[in-house]
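The block underneath contains the structure these notes are about, expressed in structure tokens.
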Amino acid sequence: MARLFGRGGSALLLGALLAAGVLVTVAAVLLDSRRDAWDRAREASANLARAVERDLTSEIKAIDLTLRAVSDIMMRAGADEIRPELRRELVLERVRSTRYLDAIVLLDDMGEVIFDTRQRAPSGTGNHADRDFFAVHRDHADAGLHISRPYRSRLGDGLWSIGFSRRLSHPDGSFAGIAVGAIRLSHLQAVFEGMQLGSRGAMTLVRDDGIVLARHPHDERLLGRDLSGAAPFRRMRGTQDGQFVSTASTDQVQRFYTFRTLDDLPIVFNVALAVSDIYETWWEKAVVIGSVTIVLVVTMLLMMMRLGRELRRRRDAEQVARRNEATFRLLAENSSDMVSRLDLSGRRLYVSPSAERIFGRPAVELIGRSPLEHIAPQDRGAAEASMTRLRAGAKAVLAEYRILRPDGETVWVEASASTIINEATGEPEGIVAVIRDVTERKMLEEDLARLARTDGLTGLANRRAFDGALASEWLRARREQTPLSLLLIDVDHFKLFNDTYGHPQGDDCLRKVASAAAGVVRRPADLVARYGGEEIAILLPNTPPAGAALVAEEVRAAVEAIGLTHEGNPPSGVVTVSIGLAAALSPANFSDPMALVSASDAALYRAKRAGRNRVIGSPPAPIATAESLSGSGAQGARAPDRASGAARRGLSP
């Protein structure tokens, strides 16, 4: 090494090359991370635009169908003979079938209100002949469905609304007025506010002529504004969908636009993410990584310069130090770790200064002592085995163990030890050990292992953890001749719940059901896991069928007690669960663990067919006991609240 770095310039040149390599590598990683940030933003905005476009298209078409139906009800021959209250109720039923529709109003050919679902008798709303949704149908018989500019309501609340209107015609085709459905912009705004768009992102609903219908963040100054001349809108016009970068004319912010034209409707919806928001997190990361890299590169260059000077100083003593060259080379190349030299008995002869950082003890305190002294008792056997292998002739060993510091902290270390061979005799004359602090790596490995076994939505154990626990407990039950019970839980009419209240509410429902189930099961050996979709599994080791039936009924009652509204789940009208129970008795009555799962699943389906909100057991589990506990759903008997975990399972305390 002294020959290689005989001149300080050679060391500096090598340092410069290494620094350049590090800088190029970091720059490449940061550029790749920048592309990833852009790709994620592009995909997320496309998914968001697609979801909102589908929702709005479906709702506006529903409004149009409602207007057609109302027009038919109000204008058909003999409609005047229907009682006003009945006609109003028929129209209100149509209004309730839509999500955003606030009211339906009928205007005569002069713009006067002749029917309003918000009032039993039209009064005080004034003439609406000045509204654009009236004029367009009066002047154009073929206008079809017209979407108005945003306007303030004349009912006294002054709320911003949008009108969806259709022409009413006399039998001879002459103008008879219009039917207009009004939606409040606050309803749309409530939907938009849940979207994560960054600090300067925006969502805009625009007519195909450039008139702004709605915008998030809400800004009344932009409602009804004509953007037909703005550069972003010109790129959207006449195109079904797309993505591009442009500067907004409203606030001069450069944004990434994702737009979609609503199917068969004159409306364009766009999501605009500020370019600065897309790269904000990346910039923070780039500044931190870049700063650290520069500091490391400068430090490395300074170290290389110092190394060059040191090597020149040591060149004259090369012959004297040749015998210890391997030791010095290890010390130089591992200066950030603790390097020590030991004799063949395992006693330390030399310890590098970095020992204090790892062991919390000065190097001088470790010299002359055995490396086994400060190892945690549970790891000492592995360390002794490594030392034995070195003494038996192994050239190198690698081991991981914990050491105990004086301050009580436990540190994970990786120890690499090699035998020093005497060049003259070929016999071992000592040991060189390099110890590295790997605590952070071990903590990361433990975190990753825990995350790999946890369901991200409910916080319960995931399917992988359940399968492992089932296999393990099955073997234990067979070996110890103890019962093993399994409950499969399914949320009743969950698909209808999702369709009615939306997937975010569905996720919240699953979390609450999971929390209720976990609150019932309290024994350390029991496992509550998300089995898949809306299904939850509860594994109850050393629990007979009767005890499992009690646990199942407590879970069923706990979920029902939440009182989470579910109109599609009669007769209770709240979220309930059905539970299938199966038990492997001693000796086991199932061939394998999956047979136990299949039996629980079959019992679950019988509970569904029997009316839901109940517990059904699978033979040879006590069907009568489980069914008598669940009764007919919410009216079934409850397990005693004060029963202990052992009593519920039919076990001795």
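Since this is a predicted model, take the numbers as computed values, not measurements. What you see below is based on every heavy atom in this structure, not just the backbone, and it leaves out hydrogens, waters and symmetry mates.
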Taking [X] for the side chain and [Y] for the main chain, is one N or O donor matched with an acceptor at less than 3.5 Å?
X: Asn270; Y: Thr258; answer: no
X: Asp32; Y: Ala28; answer: no
X: Thr299; Y: Val295; answer: yes
X: Arg609; Y: Gly611; answer: no
X: Arg556; Y: Arg614; answer: no
X: His503; Y: Asn498; answer: no
X: Asp108; Y: Val113; answer: no
X: Arg530; Y: Gly533; answer: yes
X: Ser515; Y: Arg511; answer: no
X: Ser58; Y: Asp55; answer: no

To the nearest 0.5 Å, what is the distance between [atom1] ([X]) and [atom2] ([Y])?
X: Trp282; Y: Ile289; atom1: CH2; atom2: CD1; result: 9.5 Å
X: Arg225; Y: Thr204; atom1: CZ; atom2: OG1; result: 11.0 Å
X: Ile267; Y: Leu262; atom1: CD1; atom2: CG; result: 5.5 Å
X: Phe164; Y: Ile60; atom1: CZ; atom2: CD1; result: 4.5 Å
X: Leu168; Y: Leu106; atom1: CG; atom2: CG; result: 5.5 Å

Decide yes or no for [X] and [Y]: does some side-chain heavy atom of the first lie under 4.5 Å from some side-chain heavy atom of the second?
X: Leu67; Y: Ser165; result: no
X: Leu223; Y: Leu185; result: yes
X: Val105; Y: Leu107; result: yes
X: Arg166; Y: Ile178; result: no

Intermediate values then yes/no, side chain to side chain contact (heavy atoms under 4.5 Å, CB included), Phe497 and Leu564: CA-CA 11 Å; Phe497 185 96; Leu564 186 62; 4.2 Å; yes
I'd like to know whether Glu534 forms a side chain to side chain contact (heavy atoms under 4.5 Å, CB included) with Leu510, so could you lay out the CA-CA distance, the side-chain angles of the two residues, the decisive distance to 0.1 Å, and finally the verdict. CA-CA 7 Å; Glu534 67 271 22; Leu510 287 180; 3.7 Å; yes
Heavy atoms from other residues, nucleotides or ligands near [atom1] of [X] exceed 12 (cutoff 6.0 Å):
X: Tyr605; atom1: OH; result: no
X: Glu284; atom1: CD; result: yes
X: Glu43; atom1: CD; result: no

Tyr531 six-ring centre to Arg463 NZ/CZ under 6.0 Å and within 45° of normal: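 Yes, cation above the ring, under 6.0 Å and within 45°.
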Assess Arg34 against Tyr279: is NZ or CZ under 6.0 Å from the centre of the six-membered ring, and within 45 degrees of the ring's axis? yes
Any residue meeting side chain to side chain contact (heavy atoms under 4.5 Å, CB included) with Ser228, in chain and number order, not counting sequence neighbours: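 With sequence neighbours excluded, Ser228 shows a side chain to side chain contact (heavy atoms under 4.5 Å, CB included) to Asp226, Phe233, Arg237, given in chain and number order.
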Residue among Thr576, Asn569, Asn613 satisfying side-chain hydrogen bond (donor to acceptor under 3.5 Å, both in side chains) with Asp492: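 Exactly one option meets the side-chain hydrogen bond (donor to acceptor under 3.5 Å, both in side chains) with Asp492, and it is Thr576.
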Do you know which two heavy atoms are closest between Ser45 and Leu273, and how far apart they sit?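 Answer, listing the atom of Ser45 first, then Leu273: CB-CD1, 4.0 Å.
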If you measure only the distance, is there a donor-acceptor pair under 3.5 Å linking the side chains of Ser169 and Arg167?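 Yes, Arg167 and Ser169 have a side-chain donor paired with an acceptor closer than 3.5 Å.
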Give the intermediate values and the outcome of side chain to side chain contact (heavy atoms under 4.5 Å, CB included) for residues Lys61 and Asp263. CA-CA 10 Å; Lys61 289 185 176 181; Asp263 187 25; 3.3 Å; yes
What's the verdict on ring pair (Phe, Tyr, Trp, His ring centres under 6.0 Å) for Phe134 and His128, showing C-alpha distance, side-chain angles and the deciding distance? CA-CA 7 Å; Phe134 180 85; His128 296 273; 8.9 Å; no
Does Thr458 form a side chain to side chain donor-acceptor pair (under 3.5 Å) with Asp455? I'd like the steps, not just the answer. CA-CA 6 Å; Thr458 63; Asp455 177 63; 2.7 Å; yes
After noting the C-alpha distance and the side-chain angles of Asp109 and Arg138, does the key distance pass the side chain to side chain contact (heavy atoms under 4.5 Å, CB included) rule? CA-CA 8 Å; Asp109 58 354; Arg138 180 190 60 201; over 6 Å; no
Answer yes if the ring centres of Phe133 and Tyr151 are under 6.0 angstrom apart, and no otherwise.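 Here the rings of Tyr151 and Phe133 have centres that are less than 6.0 Å from each other.
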Report the residue from Thr261, Asp209, Asp208, Ile211 that forms a side chain to side chain contact (heavy atoms under 4.5 Å, CB included) with Pro266. Asp208
